[in-house]
Amino acid sequence: MVEQKEIKTVAVLGTGIMGAPMARNLQKNGFEVHAWNRTRAKAEELQPDGVTVYDTPQEAVKDVDAVITVLKDAATVLETIKSAQESLTKGTIWIQMTTVGKKIDEIIQFANEHELIFFDAPVQGTKAPAESGELTIMPSGSSDYKEVLAPIFDVIGKKTIWVSEEAGKSSRLKLALNSWVFALTHGVAESLTIAKELGVDPQLVMDVITGGPMDTPYFQQKGKAILNDDYTASFAVKNAVKDAQLIVDAIEDEDLQIDITPAGLQRFQRALDEGHGDKDIAASGLAGKKENE
């Protein structure tokens with residue numbers, strides 16, 4: 001077992017839809033939180049909660065016990081952590097929560113080269129669970145650190161599932177989970193769109209499914225958003241394009257043919273091309289119209 005050093009200071013790099021509530025919840029629960037975001041104004045929204053905002057990643061990570069990265073993609077993670085490396089001391093804990101797919105291997109290589117204690121820890125959940133501290137955390141890495149990391153994971157999540165001793169397995173699991181999220185989203189959106197286009201009130205789809213074996217909280221959430229034309233992003237279309245592409249790329253070298261995710265990627269891409277990139281993935285239904293010939 002490793003020495004059980006208590007984590008008191010945490011740097012959160014990336015304070016967008018997910019990072020900001022994580023930082024806020026950590027600060028409210030006794031951690032000293034440093035924050036950095038490429039657009040500083042987003043990070044400054046955390047100052048009333050006591051979070052200290054820094055101009056650069058290098059400043060934010062100086063003298064902290066742990067670093068959390070919640071950024072756009074793998075390239076941004078590597079760019080950010082490299083810019084901070086002069087302030088990262090050997091043995092600093094790095095919790096990487098960005099969805100990066102197989103590109104996690106490049107990130108792990110950097111962590112190993114700089115002797116950082118690395119955890120691949122993507123989450124299941126979006127904006128609302130992040131705000132309420134009810135995410136599902138899926139870490140992989142040395143289980144010797146379970147007790148050290150538990151206070152952090154218990155603040156930002158309601159459930160922690162340790163995936164593997166091998167960092168990188170969690171990011172692969174996240175791809176499988178996102179394929180299910182995307183399938184559900186497209187299914188709800190397409191079903192309601194089909195009803196509408198065939199001259200049937202789409203609310204009837206909701207009425208029939210509600211309370212039955214096909215009903216789920218996710219179906220209710222996305223269905224109501226679509227019917228109310230409310231596409232406030234908890235998982236933006238532009239990020240879904242990125243994540244769906246990660247799934248397709250990850251499977252390219254495998255002995256497996258997948259069909260649903262590539263088709264869903266095309267649908268998300270159409271929604272993005274039509275100007276819906278900042279809307280929630282429920283806007284999948286807005287990409288249903290055929291192009292005019």
Side-chain angles (χ1 to χ4, degrees), residues 16-18 70-74 97-104 120 122-130 135-138 161 163 169-196 202 205-206 209 214-254 256-290:
I17 288 176
M18 303 297 287
V70 200
L71 296 157
K72 177 184 177 183
D73 51 29
M97 294 185 152
T98 310
T99 302
V100 296
K102 283 186 173 180
K103 294 178 182 179
I104 188 67
D120 173 27
V123 301
Q124 187 72 5
T126 51
K127 182 180 179 181
L135 296 165
T136 297
I137 319 297
M138 302 174 290
I161 298 175
V163 175
K169 293 293 186 182
S170 295
S171 281
R172 288 162 167 80
L173 173 61
K174 182 63 187 292
L175 296 182
L177 291 166
N178 272 359
S179 73
W180 176 234
V181 171
F182 296 155
L184 289 172
T185 304
H186 292 307
V188 176
E190 193 157 275
S191 179
L192 296 179
T193 301
I194 288 171
K196 184 177 180 180
V205 174
M206 301 288 295
I209 291 176
M214 294 186 292
D215 194 10
T216 66
Y218 191 84
F219 170 81
Q220 293 292 331
Q221 179 191 52
K222 295 303 180 188
K224 289 175 182 176
I226 292 167
L227 292 180
N228 293 327
D229 200 30
D230 179 5
Y231 298 108
T232 303
S234 59
F235 190 163
V237 167
K238 61 185 179 184
N239 292 330
V241 170
K242 183 264 292 185
D243 288 359
Q245 188 66 60
L246 287 175
I247 298 169
V248 172
D249 292 345
I251 295 301
E252 277 188 354
D253 297 328
E254 306 296 331
L256 175 68
Q257 178 176 328
I258 59 173
D259 302 292
I260 297 174
T261 302
L265 170 57
Q266 292 180 18
R267 191 179 184 99
F268 281 140
Q269 185 64 56
R270 290 202 310 274
L272 179 66
D273 293 343
E274 292 167 14
H276 305 304
D278 290 325
K279 295 178 180 177
D280 187 75
I281 53 176
S284 162
L286 301 178
K289 290 287 188 178
K290 294 179 180 178

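Computation of the quantities below employed the complete heavy-atom set of this structure, encompassing side-chain atoms and omitting hydrogens, waters and symmetry-equivalent molecules.
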Minimum-distance pair of heavy atoms, taken over all atoms of Ala244 and Thr261: O-CG2, 4.0 Å
Glu254 with Lys102: basic N within carboxylate O range, under 4.0 Å: yes
side-chain contact (heavy atoms from CB on, under 4.5 Å) evaluation trace for Lys196 with Thr193: CA-CA 5 Å; Lys196 184 177 180 180; Thr193 301; 5.7 Å; no
Short side-chain to backbone donor-acceptor contact, Asn228 and Lys224, under 3.5 Å: yes
Basic-acidic side-chain contact under 4.0 Å: Lys222, Asp280: yes
Non-hydrogen side-chain atoms of Phe219 and Met206 separated by less than 4.5 Å: yes
Validation row: Leu173, Ile161 side chains within 4.5 angstrom (heavy atoms): no
Heavy-atom side-chain proximity of Ser179 to Ile260 below 4.5 angstrom: no
Atom pair CD (Gln124) and CD1 (Ile137), whose distance is rounded to the nearest 0.5 Å: 10.5 Å
For the student: nearest non-hydrogen atoms of Gly277 and Leu272, plus distance: CA-CD1, 3.5 Å
Distance (rounded to the nearest 0.5 Å) between Lys103 NZ and Asp73 CG: 7.0 Å
Point-to-point distance, once rounded to the nearest 0.5 Å, from CG of Leu71 to OG1 of Thr99: 11.5 Å
Candidate pair Ile281 and Tyr231, rule side-chain contact (heavy atoms from CB on, under 4.5 Å), full reasoning: CA-CA 8 Å; Ile281 53 176; Tyr231 298 108; over 6 Å; no
Where Ala271 and Ala287 come nearest, the two heavy atoms and their spacing: N-CB, 3.7 Å
Met18 CE to Ser234 OG distance, which is reported to the nearest 0.5 Å: 9.0 Å
Under 3.5 Å: donor-acceptor pair, side chain of Thr185, backbone of Val181: yes
Heavy-atom side-chain contact between Asp243 and Phe182 under 4.5 Å: yes
Over all atoms of both residues, closest heavy-atom pair of Met138 and Val123: CE-C, 3.7 Å
Over 12 foreign heavy atoms within 6.0 Å of CD1, Ile258: yes
Ser171 side chain vs Val100 backbone, donor-acceptor pair below 3.5 Å: no
Interatomic distance, Ile247 atom CD1 to Leu175 atom CG [nearest 0.5 angstrom]: 5.5 Å
Sidechain-backbone polar pair: Lys174 side chain, Gly101 backbone, donor-acceptor under 3.5 Å: no
Atom pair OG1/CG of Thr98 and Asp120 - distance to nearest 0.5 Å: 10.0 Å
CA sep, side-chain torsions, deciding dist, call: Leu192, Val188, side-chain contact (heavy atoms from CB on, under 4.5 Å): CA-CA 6 Å; Leu192 296 179; Val188 176; 4.1 Å; yes
Plane angle bin for His186 and Phe268 - parallel if under 30°, tilted between 30 and 60°, otherwise perpendicular: tilted
Closest contact, heavy atoms only, Ile226 versus Ala189: CD1-CA, 3.7 Å
Any Thr126 side-chain heavy atom under 4.5 Å of Ile17 side chain: no
Matching residue for Leu286 among Arg270, Arg267, Lys279 - test: side chain to side chain contact (heavy atoms under 4.5 Å, CB included): Lys279
